[in-house]
Amino acid sequence: MQDYQEIIDNFRVPANKKVRLKDFDPAWEGDGDIPKSQRKELAEKILTQDVSALAEAQEMLYADDSWALLVIFQAMDAAGKDSTIKHVMSGVNPQGVQVYSFKHPSAEELDHDFLWRCTKALPERGRIGIFNRSYYEEVLIVKVHPELVAAQHIPGADPDSQKFWEHRYEDIVNFERHLTRNGTAIVKFFLHVSKAKQRERFLERIENPQKHWKFSAADMKERDYWDQYMDAYEECLSQTSGKSAPWYVIPADHKWVSRALVAAILCDTIKSLGLKWPKVTEEQKAAIQAAKRQLEGEGK
């Protein structure tokens, strides 16, 4: 049976390595030698423990006030981004976390560089920022639909040129290096759902009236570009996973698996920052003792 750290490392994309998504099983659900019921029970136990640990880690992140944590989620539709964020962050103080969902860029956003709208939403020190989609859309959906580049009015932009995309990857890598050098830790999750599981979840939305609000005809249209998206993701993961800003390919066909893995990786990431509780000065200690004497005196 693999240990905790080995399992996490299996899903991490090494820097400068060509990614083939066929090497990652979206239906992975743990050690096949252990009955599924036990695996699921263990995953739920780990999730509960890590959600509690994450809440404590977030408090220390705030108290230490030297690092911010940026968490990026990318995925095909119906991979479970929203529910993963909801379950994993359920125990964290709402004041210590901010979630941004990036949709189609506005006219104002298109009049700026492609990193601008995400830069405005970066978390400050002591906080966790979650991007539900991000600037990576610029090398994913825009790469699948290169005609979108025209709306950005970039001088001399040629999306048919490989150089154009190489420059975008380079800009993203340099941006993330700048952030990590200045106290923003970055962890990135690609929730890897299979096409068959996406079909199943789309049908659930169609057949359940209470889920009709989730259905979008645009999602069905994008499904027709599945192979192109997989190519775009492979290239993106290969070009932009680094030691300080790694990608993790998370199997997403089973939500109990993806939630447990994301929680474990977030806890591991915060733990690696070497955070410490602020030291209490002698002056603060004296003030605490004085307050204690005063309060105890009031009770007599």
Side-chain angles (χ1 to χ4, degrees), residues 13 15-21 70-79 81-82 99-122 129-180 184 186-193 195 198 202 216-242 245-249:
V13 177
N16 304 314
K17 181 180 179 181
K18 181 65 178 175
V19 174
R20 298 293 183 191
L21 288 176
L70 175 61
V71 185
I72 294 176
F73 285 90
Q74 293 287 158
M76 297 295 287
D77 295 304
K81 296 190 306 301
D82 292 343
V99 181
Y100 288 92
S101 296
F102 293 97
K103 307 297 184 182
H104 295 296
S106 66
E108 179 188 20
E109 290 166 346
L110 287 170
D111 277 339
H112 290 80
D113 68 88
F114 74 88
L115 293 169
W116 181 76
R117 66 175 182 161
C118 293
T119 302
K120 293 197 306 173
L122 288 170
I130 298 176
F131 285 0
N132 186 343
R133 302 191 187 278
S134 66
Y135 43 83
Y136 279 101
E137 294 292 278
E138 295 293 330
V139 291
L140 295 169
I141 188 172
V142 177
K143 193 169 187 182
V144 174
H145 300 285
E147 65 275 10
L148 295 174
V149 173
Q152 299 178 4
H153 304 292
I154 303 170
D158 180 12
D160 292 330
S161 166
Q162 182 59 26
K163 279 290 183 183
F164 176 85
W165 302 108
E166 289 175 0
H167 290 162
R168 288 219 156 170
Y169 298 131
E170 183 181 346
D171 290 341
I172 289 172
V173 169
N174 288 336
F175 176 65
E176 292 180 345
R177 282 176 180 162
H178 166 74
L179 291 179
T180 55
T184 298
I186 303 170
V187 60
K188 302 172 291 193
F189 297 110
F190 169 51
L191 301 189
H192 184 26
V193 68
K195 192 174 184 180
Q198 187 196 61
F202 278 176
S216 170
D219 294 345
M220 287 298 299
K221 183 177 179 181
E222 291 307 295
R223 181 174 165 83
D224 292 337
Y225 295 93
W226 185 274
D227 291 343
Q228 292 93 317
Y229 272 110
M230 293 302 102
D231 290 343
Y233 268 109
E234 287 184 345
E235 187 69 12
C236 171
L237 297 170
S238 300
Q239 295 288 343
T240 62
S241 191
W247 275 106
Y248 289 88
V249 179

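Throughout, numbering of the chain's residues begins at 1 and tracks the sequence.
Between the side chain of T240 and the backbone N or O of Y169, no donor-acceptor pair lies under 3.5 Å. Under a 3.5 Å cut-off, the side chain of Q198 and the backbone N or O of D77 do form a donor-acceptor pair. Side-chain N or O atoms of Y229 include none that pairs as donor or acceptor with a backbone N or O of R223 at under 3.5 Å.
Within 6.0 Å of CG on D224 lie more than 12 heavy atoms contributed by other residues, nucleotides or ligands. Shown here is K163, whose NZ atom has no more than 12 heavy atoms of other residues, nucleotides or ligands within 6.0 Å. The number of heavy-atom neighbours closer than 6.0 Å to NE2 of H145, taken from other residues, nucleotides and ligands shown, is above 12.
A distance of 11.0 Å separates NZ in K221 from OG in S216, rounded to the nearest 0.5 Å. Rounding to the nearest 0.5 Å gives a distance of 5.5 Å between CZ of F190 and CG of L21. Distance check: I130 CD1 to L70 CG gives 9.5 Å after rounding to the nearest 0.5 Å. Between L110 atom CG and W116 atom CH2 the span is 10.5 Å, to the nearest 0.5 Å. For the atom pair Q228 CD and I141 CD1, the distance stands at 12.5 Å (nearest 0.5 Å). Separating the CG atom in N132 from the CZ atom in F102 is a distance of 9.5 Å, to the nearest 0.5 Å.
Residues forming a side chain to side chain donor-acceptor pair (under 3.5 Å) with Q152 (at least two apart in sequence, or on another chain): E138, R168. Qualifying side chain to side chain donor-acceptor pair (under 3.5 Å) partners for K120, counting only residues two or more places apart in sequence or in other chains: none. The side chain to side chain donor-acceptor pair (under 3.5 Å) search around S241 returns none, not counting sequence neighbours. Under the side chain to side chain donor-acceptor pair (under 3.5 Å) criterion, E170 pairs with no residue at all, not counting sequence neighbours.
Contact of the F164 side chain with the V149 side chain is registered, since non-hydrogen atoms from C-beta on lie closer than 4.5 Å. Proximity of F73 to S134: side-chain heavy atoms (C-beta onward) are nowhere separated by under 4.5 Å. Contact of the V193 side chain with the L191 side chain is not registered, since no non-hydrogen atoms from C-beta on lie closer than 4.5 Å. Counting only heavy atoms from C-beta outward, the side chains of L122 and F131 approach each other to under 4.5 Å. Contact annotation: the side chain of Y233 never approaches that of H192 to less than 4.5 Å [non-hydrogen atoms, C-beta and beyond]. With contacts defined as side-chain heavy-atom distances shorter than 4.5 Å, the pair Q74/K81 does not qualify. Side-chain atoms of T119 and F175, non-hydrogen and from C-beta on, do get closer than 4.5 Å to each other.
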Go through the steps for F114 and V142 under the test side chain to side chain contact (heavy atoms under 4.5 Å, CB included), then give the verdict.
CA-CA 11 Å; F114 74 88; V142 177; over 6 Å; no

Please lay out, stage by stage, how Y225 and D231 fare under the test side chain to side chain contact (heavy atoms under 4.5 Å, CB included).
CA-CA 10 Å; Y225 295 93; D231 290 343; over 6 Å; no

Could you go through W247 and V19, starting from their C-alpha distance and side-chain angles, then the distance that decides it, and tell me whether this counts as side chain to side chain contact (heavy atoms under 4.5 Å, CB included)?
CA-CA 11 Å; W247 275 106; V19 174; over 6 Å; no

Assess the residue pair H167 and Q162 against the criterion (side chain to side chain contact (heavy atoms under 4.5 Å, CB included)); give the C-alpha distance rounded to whole Å, side-chain angles, the decisive distance to 0.1 Å, and a yes or no.
CA-CA 9 Å; H167 290 162; Q162 182 59 26; over 6 Å; no

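Nearest heavy-atom pair, G242 versus A15, reported as atom, atom and distance to 0.1 Å: CA-CB, 4.0 Å. In terms of heavy atoms, A232 sits closest to V144 at CB-CG2, 4.3 Å. In terms of heavy-atom proximity, F202 sits nearest to A78 at CE2-CB, 3.8 Å.
Sorted pairs that involve residues 142-161 and meet salt bridge (Lys or Arg N to Asp or Glu O under 4.0 Å), not counting sequence neighbours, are lacking altogether. Listed by first and then second residue, the salt bridge (Lys or Arg N to Asp or Glu O under 4.0 Å) pairs that reach into residues 101-111 are E109-R117, sequence neighbours excluded.
Aromatic ring orientation, Y248 versus F189: tilted (interplanar angle from 30° to 60°).
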